[in-house]
Number of protein chains: 2
Amino acid sequence: MHSEVVASRSADQRDSSRESRNGTPTLDAVSLAIIQQLQEDGRRPYAAIGKAVGLSEAAVRQRVQKLLDQGVMQIVAVTDPLTVGFRRQAMVGINVEGDVESIADVLTGMSEVEYVVMTAGSFDILAEIVCEDDDHLLDVINKRIRALPGVRSTESFVYLKLKKQTYMWGTR
Amino acid sequence: MHSEVVASRSADQRDSSRESRNGTPTLDAVSLAIIQQLQEDGRRPYAAIGKAVGLSEAAVRQRVQKLLDQGVMQIVAVTDPLTVGFRRQAMVGINVEGDVESIADVLTGMSEVEYVVMTAGSFDILAEIVCEDDDHLLDVINKRIRALPGVRSTESFVYLKLKKQTYMWGTR
DNA sequence: CACCAGTTCTGCGAAATCCGCAAGTCTTGG
DNA sequence: CCAAGACTTGCGGATTTCGCAGAACTGGTG
């Protein structure tokens, strides 16, 4: 069923993760294959994964543990926020004067902020907000975000309908 | 450690999911608590979850299975795309003339498109693109998206730095 | 080339978990 | 009152997880 990853034990196969210049670990083909397996089913048994990627159960277990410890991946339940009672979501584009990153850090600290990314283009920051209702959303955008010193302007895009949400990188 | 969900067996506790008018299942407090547990650790044993939410192991197992079958949640590994070899990402704001939803559907079908949402505001659609390099990104945006009939204009926000990415709805 | 240190992989038992099933309770709705 | 649905308890057997010791490989060093 799952195409076997041929384990030609040469070169870069070994050392599953090595610190590269920028600090983020580099992943080898086997770890990638493991992640791929877990993207299909986060609860798939280690033995089954091992069979698919050509490793022993224990080895898979070690690698998964390391990937989790390193923060390279996390195994979690994901849901459609609407189903879980969060009825209002929005993407907020933000323009900043001064230090962009410090503003981004503050946003990161807000529990309603699900997603923060610094961008090139007509916004400096994009932030996704997840709220329970309109009042809550309004409060976060107007009272908390726009009030931040350094925030020059914001533009909101209220979500009408979520069409796609995948977690299948590498599975193509 | 985890605050126990007191199972006062009245009213809405029973029938874990019921079809509501719009087709999406309504979740009760217990299912929410289960999801919350699995958002902290997607591999947490059913028995441990049961202890935390006040249900038997078997009951948790049944509920989780149903939640998965219904598509309310999925248990998966999530990663930082950068670490997995996708070096270029962008959010694309799109303006459409004619049927917005049909355009959104087409985008949904593209494997590079990770996220599609219809919005209110100066964009009709926001789509997140995940690519391996600049060429790939350019190709998707200019050749595939802008070429779609009905797409009036697009604006791209290339990601410089991902600051936050959570999956902890309900865990606040 | 030999040796060492560090890391990864394998191969086990032992413990824990998962899974299916059956019988009994409770509640809701017709 | 009966039927349906959900939960519990209890139970084995199959499977999975877990910890650990030993083997294998890599890279660096004298």
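Numbers restart at 1 for each chain; the letters A, B, ... are given by sequence-line order, proteins then strands.
Between B:D28 atom CG and C:dT28 atom P the separation is 14 Å, expressed in whole Å. When the P atom of C:dC21 is taken as reference, atom CZ of B:R61 falls 11 Å away, rounded to whole Å. As rounded to whole Å, 16 Å separates atom C1' of D:dT8 from atom NZ of B:K51. Rounded to whole angstrom, the span from the CG atom of A:D69 across to the P atom of C:dT8 amounts to 12 Å. One interatomic measurement links the two molecules: CG of B:L55 to P of D:dA6, which rounds to 13 Å at whole-angstrom precision. The interatomic distance linking A:Q65 (CD) with D:dT17 (C1') rounds to 12 Å, in whole Å. Note: CD1 (B:I49) to C1' (C:dC19) measures 15 Å, nearest angstrom. Here the P atom of nucleotide D:dG19 and the CD atom of A:Q62 are 11 Å apart, to the nearest Å.
Taking every heavy atom of both residues into account, B:L126 and B:G93 meet most closely at CD2-CA, 3.8 Å.
Distances shown here put a side-chain N or O of B:R63 below 4.0 Å from the OP1 or OP2 atom of D:dC7. OP1 or OP2 of D:dT16 has not a single side-chain nitrogen or oxygen of A:R44 nearer than 4.0 Å. Between A:K66 and C:dT7 there is no side-chain N or O to OP1 or OP2 distance below 4.0 Å. Regarding contacts with the backbone of C:dT17, every side-chain N or O of A:R43 stays at 4.0 angstrom or more from both OP1 and OP2.
Closest to the side chain of B:Y46, from the set C:dC19, D:dT8, D:dC18, is C:dC19. Nearest to the side chain of B:P45, among D:dT16, D:dT8, C:dT17, sits C:dT17.
Both A:A58 and A:A48 lie close to DNA chain D; mapped to their nearest nucleotides by heavy-atom distance, the more 5′-ward contact belongs to A:A48. Along DNA chain C, the nucleotide closest to B:E57 and the one closest to A:V60 are compared, and the more 5′ of them pairs with A:V60.
Judged by distance alone, the side chains of B:S102 and B:D105 never bring a donor and an acceptor atom under 3.5 Å apart.
In this structure a side-chain-to-backbone donor-acceptor pair under 3.5 Å is present from B:K164 to A:M110.
Between A:F123 and B:F157, the ring planes lie parallel to each other; the angle is under 30°, not in the 30° to 60° tilted range.
Looking at heavy-atom distances under 4.0 Å, B:A59 makes contact with sugar-phosphate atoms alone, never a base.
Taken to the nearest 0.5 Å, the CD atom of A:E101 stands 6.5 Å off from the CG atom of A:D99.
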